[in-house]
Structures are given as C-alpha cells and as structure tokens.
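Below is one structure; the comments refer to it alone.
The basis for the numbers below is simple: all heavy atoms, side chains too, and nothing from hydrogens, waters or symmetry mates.
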Amino acid sequence: MAAHSYGNIMHVDTTGASAETGKQEGLSYGGVPASEKIAERDLKNLEKYKTKIMNVSRKTGIDAAIIAAIISRESHAGTLLKNGWGDHGNGFGLMQVDKQFHKPTGTWDSEEHMTQATSILRSLIKEIEKKFPQWTKEQQLKGGISAYNAGVKNVRSYDRMDIGTTKNDYANDVVARAKFYKRNGY
C-alpha cells in the first residue's frame, strides 16, 4: 500500500502548536516555529526507534513522519513515560494507546505497539473519510490525526477539529511536527 493513499502530509495546512503548548514546553511562542522547535528537541531520542517507525510505516501505509510526530507529541520519544506508561497510567507506550479503549499489545517501545497504535490511527482516518467524504485526502488525514487524540465524534468541522483536543491544537501541532520530520529523514 502506498503511503500517499492517505494524503500527503506536506500538503496539509497547519497553524502549529498553540501558545499554551509552547508555554508548557518552555517557549514564549506557539505556531509552526514552536512545533518545529519541540520536534527538533525530540529528534535525537527518536533516532533509536527509526527502524521500527519505518517498518510500521511500510506495513500500515501511514507516513513515517506522522508516526514520528505522534511519538513526539505523545511521549517526547519515550522520555515522559514511567515503565512505558503515561497519562496517569491510562496511556501505554510511545504512541500512548489508551487502555480504557484498547488492550495495549507489545512492550511500550516495540514495533508491535507502534503497529497497534498506527493501525488505530489508520482506522480513525477511514472513519473520518466516511464521515466527511467531501473533504480532500489531506483534510481527512488531518481529521484522523485529531480523532487519534479526541475521537471521531469530536471532529465536527474542518476549521474547528482541534477544539476539544489536548490544548486545542493536537492535529495542527502533530502535522507541523510531521512536516519537520519529513524534512529530516522520516
């Protein structure tokens, strides 16, 4: 399956991180520059997972840069986790699979975990495609990324899809980080 069948991440519009996300990361600004700065900080830690990320991308058809960006947003490439868990013990692994909705598989940093999480993302993109068939592939891809954080029900319109996600910027931040990773070998 070709990675572009879910849209081209480089063609997805984004406003980047909110000022609130920037502040949480010790930055005095938000936007695409904040997302890129945060992504850059995680780049070195991500390297140890790169082979697994590339394998999962090939298996699922989801762009490796998007997987890397979700790993950056969800766990700062694992640095935020305690024994593989985050989100007060509800989120598991690099991509934070929620144990309340899914039975986590594999170890927290395994290819098995990444495959499960990326398959969840892929199924959410497909649900968004059904819910908004008039959207472009790129819009559906962004909607699926938003749904990965807050669920398909939370995505009601294109312009406001991030309202209700963590810091109200999840898809925009992930897209901006993904573009950075795409330019940096993912």
- Message: Contact between Tyr170 and Met161 at the side-chain level, heavy atoms closer than 4.5 Å - yes or no?
- Response: no

- Could you verify whether a donor N or O on one side chain and an acceptor N or O on the other, from Asp98 and Asn90, lie under 3.5 Å apart? no

- Between CG on residue Asn168 and OG on residue Ser18, distance to nearest 0.5 Å: 7.5 Å

- Donor + acceptor pair across side chains of Gln96, His113 (<3.5 Å): no

- Closest heavy-atom pair, Asp13 versus Lys142, reported as atoms and distance to 0.1 Å, is O-NZ, 3.0 Å

- Query: Are side-chain heavy atoms of Tyr29 and Lys37 found at a separation under 4.5 Å?
  - Reply: yes

- Quick one: are Ile120 and His102 in side-chain contact, heavy atoms under 4.5 Å? yes

- Listed once per pair and sorted, the ring pair (Phe, Tyr, Trp, His ring centres under 6.0 Å) pairs that draw on residues 121-163, sequence neighbours left out: Phe132-Trp135, Trp135-Tyr158

- Query: Between OG of Ser110 and OH of Tyr49, what distance do you get to the nearest 0.5 Å?
  - Reply: 10.5 Å

- Task: Look at Arg183 together with Glu36 and state whether they make a salt bridge at an N to O cut-off of under 4.0 Å.
- Result: yes

- Query: In terms of hydrophobic clusters joined by side-chain contacts under 4.5 Å, are Val32 and Tyr181 together?
  - Reply: no

- Partners passing side-chain hydrogen bond (donor to acceptor under 3.5 Å, both in side chains) against Thr118 (at least two apart in sequence or in another chain): none

- Message: Looking at every non-hydrogen atom in both residues, tell me the closest pair between Thr79 and His76 and how far apart they are.
- Response: OG1-O, 2.8 Å

- Query: Between Val174 and Met10, is there a shared hydrophobic cluster once you connect ILVMFWY residues whose side-chain heavy atoms come closer than 4.5 Å?
  - Reply: yes

- Would you say the side chain of Gln139 lies within less than 4.5 Å of the side chain of Val12, judging by non-hydrogen atoms? no

- Do you know the tightest heavy-atom contact between Ala64 and Met54? CB-SD, 3.4 Å

- Here the pair of heavy atoms bringing Ala65 nearest to Lys182 is CB-N, 3.7 Å

- Query: Does Ser146 offer a backbone N or O that forms a donor-acceptor pair with the side chain of Asn154 under 3.5 Å?
  - Reply: no

- Message: To the nearest 0.5 Å, what is the distance between OG1 on Thr60 and CD1 on Ile66?
- Response: 9.5 Å

- Task: Look at the side chain of Glu138 and the backbone N and O of Asn8, then say whether any donor-acceptor pair between them is shorter than 3.5 Å.
- Result: yes

- Message: Looking at Trp108, I'd like to know if the NZ or CZ of Lys82 sits under 6.0 Å from its six-membered ring centre while staying within 45 degrees of the ring's axis.
- Response: no

- Task: Would you sort out whether Thr21 and Asp169 count as a side chain to side chain donor-acceptor pair (under 3.5 Å), showing the intermediate values?
- Result: CA-CA 8 Å; Thr21 293; Asp169 71 348; 2.7 Å; yes

- With rounding to the nearest 0.5 Å, note down the distance linking CG in Asp162 to CZ in Arg160. 11.0 Å

- Query: Checking Lys50 against Tyr186: charged group under 6.0 Å from the ring centre and within 45 degrees of the axis?
  - Reply: yes

- Query: Can you find a heavy atom in the side chain of Lys167 that is under 4.5 Å from one in the side chain of Arg73?
  - Reply: yes

- Message: With no hydrogens and no angle check, just 3.5 Å: does a side-chain donor-acceptor pair link Lys59 and Thr115?
- Response: yes

- How close do Lys99 and Gly89 get, heavy atom to heavy atom, and via which atoms? NZ-O, 3.2 Å

- Message: Keeping Ser57 on the side-chain end and Ile53 on the backbone end, is there a donor-acceptor pair under 3.5 Å?
- Response: no

- For Thr166, the side-chain hydrogen bond (donor to acceptor under 3.5 Å, both in side chains) test, sequence neighbours excluded, returns Asn149

- Item | Side-chain donor/acceptor of Lys131 to backbone N/O of Val155, under 3.5 Å | yes

- Nearest 0.5 Å please: distance from the NZ atom of Lys48 over to the NZ atom of Lys44. 8.0 Å

- Asp109 versus Met114: any side-chain heavy-atom pair under 4.5 Å? no

- Message: Count I, L, V, M, F, W, Y as connected when their side-chain heavy atoms are under 4.5 Å apart, and connections chain through other members. Are Leu94 and Leu46 then in the same cluster?
- Response: yes

- Query: So, do Glu74 and Ile71 sit near enough that their side-chain heavy atoms are less than 4.5 Å apart?
  - Reply: no

- Query: Any luck finding a side-chain donor-acceptor pair between Arg177 and Ser72 under 3.5 Å?
  - Reply: yes

- Message: If we count only N and O atoms by modelled type, under 3.5 Å, do the side chains of Asp173 and Ser35 hold a donor and an acceptor together?
- Response: yes

- Task: Would you mind reporting whether Leu141 and Val175 have side-chain heavy atoms less than 4.5 Å apart?
- Result: no

- Item | Approximate separation, where rounding is to 0.5 Å, of Ile125 CD1 and Gln140 CD | 9.5 Å

- Task: Quick one: closest heavy-atom pair of Ala178 and Ile9, and the distance?
- Result: CB-CG1, 3.7 Å

